[in-house]
Amino acid sequence: MDLGEINIAAAVTEEGEGVVISGRHLRSIHRLRNKRLVAYQSRIDRCKDGSKRKRKLLKNKRKASAQYKRQQRDILHKASRQLVSFCQDQGVAQIAVGDVKDIQTGVDLGRKSNQKISQWPHGQLSNMWATRLGSWE
């Protein structure tokens, strides 16, 4: 199995059967989240400390952030379910997963790429499908 940023995951069996799970929706959620949080932060920065307006904006920012986290969790949940279903249907006994933990260590890929990689939820997805596989055995 190969984890990625554009495609959340791609898996191939020894017989040549495969599945690719698109990550476009997740990427659009991240882009929208970043855009909205920057807009909130710029409005918050213009407020006086302790003002009612600032507290209201901070509350709305936390609420929006929580919504995006729930959307991300839902997308990853559906992707992990699709992966496990594929493995069950194909009778897969062992899964080998590529290690992407140190992909950014010591490398500056630029502002946008650094942000994409730092927000890449590969660990969360791995935990989800590993949990599903554990209950499957």
Practice item. Could you tell me which residues satisfy side chain to side chain contact (heavy atoms under 4.5 Å, CB included) with Thr13, sequence neighbours excluded, listed by chain and number? Key: Glu15, Glu17, Phe86, Gln90, Val92
Practice item. Give the other cluster members for Ile44, using side-chain heavy-atom distances under 4.5 Å between Ile, Leu, Val, Met, Phe, Trp and Tyr residues; answer none if it is isolated. Key: Tyr40, Leu57, Leu58
Point to revise | Heavy-atom pair of closest approach, residues Asn7 and Ser22 | key: OD1-CA, 3.7 Å
Practice item. Begin with the C-alpha distance, continue with both residues' side-chain angles, and end with the deciding distance and a verdict on side-chain contact (heavy atoms from CB on, under 4.5 Å) for Ile75 and Ile8. Key: CA-CA 10 Å; Ile75 292 167; Ile8 296 174; 4.1 Å; yes
Point to revise | Shortest non-hydrogen separation from Ala79 to Ile21 and the atoms involved | key: O-CD1, 3.5 Å
Exercise for review: Only pairs at least two apart or in different chains count here, so list each salt bridge (charged side-chain N to carboxylate O under 4.0 Å, His left out) that has a residue in residues 38-54.
Suggested key: Asp49-Lys54
Check your understanding: Who passes side chain to side chain donor-acceptor pair (under 3.5 Å) against Asp74, sequence neighbours left out?
Key -> Lys78
Exercise for review: Could you tell me whether the side chain of Ser85 and the main chain of Arg81 form a donor-acceptor pair under 3.5 Å?
Suggested key: yes
Point to revise | Transitive ILVMFWY cluster of Val20, excluding itself - 4.5 Å side-chain cut-off | key: none
Exercise for review: Would you please test Leu76 and Leu26 for side-chain contact (heavy atoms from CB on, under 4.5 Å) and show each step?
Suggested key: CA-CA 8 Å; Leu76 293 175; Leu26 185 61; 4.0 Å; yes
Check your understanding: Are a donor atom and an acceptor atom from the side chains of Gln71 and His25 found within less than 3.5 Å of each other?
Key -> no
Exercise for review: Start with the C-alpha distance between Tyr68 and Arg36, add both sets of side-chain angles, then the distance that settles side-chain contact (heavy atoms from CB on, under 4.5 Å), and finish with yes or no.
Suggested key: CA-CA 10 Å; Tyr68 296 129; Arg36 294 269 167 86; 3.3 Å; yes
Study note, to complete from the structure: So side-chain hydrogen bond (donor to acceptor under 3.5 Å, both in side chains) across residues 55-64, not counting sequence neighbours, yields Gln41-Lys61
Practice item. State, with a plain yes or no, whether a side-chain heavy atom of Gln67 is found less than 4.5 Å away from one of Arg70. Key: yes
